[in-house]
Each structure stands twice: as C-alpha cells, then as structure tokens.
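The structure appears below as structure tokens.
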Amino acid sequence: MNLKNIFDAFNSENFSNDDETSLLMDFSEHPLFWISGFNKIIDNHLFFTQYTVKTFKNISPDVNIEELEKAGEELMFRKAFNYIKDIDVTKQLHVDCLKNKATIEFVQNLQISINFFEPYEEYEKCALLKNIEEKVKEFLK
C-alpha cells in the first residue's frame, strides 16, 4: 500500500483538468432542492413562529405578538417562494422532480402560499404556484 498514492487522490491538482467532470455538484441549482426547500420552510413555519414569539416575549414583554407573527408569516412565504420560483412546468426535468415530490402536503403548501399572495395582488406568483399545483395534482390521481 502506497500512502502517497492514497493522499494524492485527494490533491486538488487532480481535479484541475477542465475535461473531467467535477466530483462536486451544486445541488442548490437542482429542482429537487428548490421543491424540498419550499416544502421544508412551510412545514417548519409553525415551529419557527412559536420559537420566535417565545424568544421575543422573553426579551421584551411589550412586543406586539400579532405583528410579530404576521411578519414571520410574510418572511416565511416570501422565502419559500424564492425556492420554488424557478420551477418551470414546461421542462421535463422539473416535471419529473414534481412527480417525485408529489404529495397531498405539497399541494396544501402550494394552496396556502397562493392564499397568502392573493391579497397582495401578486398574481404572477399565484399563477406560477397554481401551475405547479395543477401539475402535482395530476400525479396524485
């Protein structure tokens, strides 16, 4: 066993050739990552809200809890939308990822997101979310 050969396998110079495929992928640029991020943020919202309210109550009892909850909800929906905004139901890879992640919970998360953006009249966001919702529902039939 030659230890030099083993350690050379981890040498960054071995990966400098542009003709070789990189061993590292940026999963943050993949539709599965976007869908999972969207769902994770919304699914964890209740816990996050409870934690935030409890934390701020302990810091200052004069904090307006209703306004704090509303701000947390707005932050959550806008951050969740930033994850899913690049999903394109006309691209096969994106459709395959939607099929892979198709659940009733995903549909519910899309629906409550639409309900959040409607009063703000952010119809482009609603339209995108609705298209995704319809595609996911097709896979649940």
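Because the structure is predicted, anything quoted here is derived from the model rather than measured.
For the pair His30/Cys97, a side-chain contact is recorded, criterion being any heavy-atom separation below 4.5 Å from C-beta on. Residues Gln111 and Val107 have side chains in contact (heavy-atom distance under 4.5 Å, counting atoms from C-beta outward). Residues Ile42 and Glu105 have side chains not in contact (no heavy-atom distance under 4.5 Å, counting atoms from C-beta outward).
Residues in residues 113-141 take part in these ring pair (Phe, Tyr, Trp, His ring centres under 6.0 Å) pairs, two or more places apart or across chains: Phe77-Phe116, Phe81-Phe117, Phe116-Tyr120. Applying the salt bridge (charged side-chain N to carboxylate O under 4.0 Å, His left out) test to every pair with at least one member in residues 76-89, sequence neighbours left out, gives these pairs: Glu74-Arg78, Arg78-Glu122.
Nearest heavy-atom pair, Ile84 versus Leu128, reported as atom, atom and distance to 0.1 Å: O-CD2, 4.0 Å. Taking all atoms of both residues into account, the shortest heavy-atom contact from Val89 to Asn131 is CG1-O, 4.0 Å. When every heavy atom of Ile104 is checked against every heavy atom of Leu140, the shortest pair comes out as CD1-CD1, 3.8 Å.
Residues passing the salt bridge (Lys or Arg N to Asp or Glu O under 4.0 Å) test with Lys137, sequence neighbours excluded: Glu133. Every residue two or more places apart in sequence or in another chain that forms a side-chain contact (heavy atoms from CB on, under 4.5 Å) with Glu138 is listed here: Lys135. Asn64 meets the side-chain contact (heavy atoms from CB on, under 4.5 Å) test with Glu66, Glu67; sequence neighbours excluded. For Glu134, the salt bridge (Lys or Arg N to Asp or Glu O under 4.0 Å) criterion is met by no residue, not counting sequence neighbours. Judged as a side-chain hydrogen bond (donor to acceptor under 3.5 Å, both in side chains), and not counting sequence neighbours, the contacts of Gln92 are Asp96. Judged as a side-chain hydrogen bond (donor to acceptor under 3.5 Å, both in side chains), and not counting sequence neighbours, the contacts of His45 are Thr49.
In terms of hydrophobic clustering, with Ile, Leu, Val, Met, Phe, Trp and Tyr side chains grouped at heavy-atom distances under 4.5 Å, Ile114 and Ile112 are assigned to a common cluster.
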Exercise answer: donor-acceptor pairs, residues 32-41 side-chain atoms, under 3.5 Å, sequence neighbours excluded:
from	atom 1	to	atom 2	distance (Å)
Trp34	NE1	Ser28	O	2.9
Ser36	OG	Leu32	O	2.9
Ser36	OG	Lys101	NZ	3.4
Asn39	OD1	Asn109	ND2	2.9
Asn39	ND2	Ile35	O	3.4

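In this structure, CG on Asn115 lies 8.5 Å from SG on Cys126, to the nearest 0.5 angstrom.
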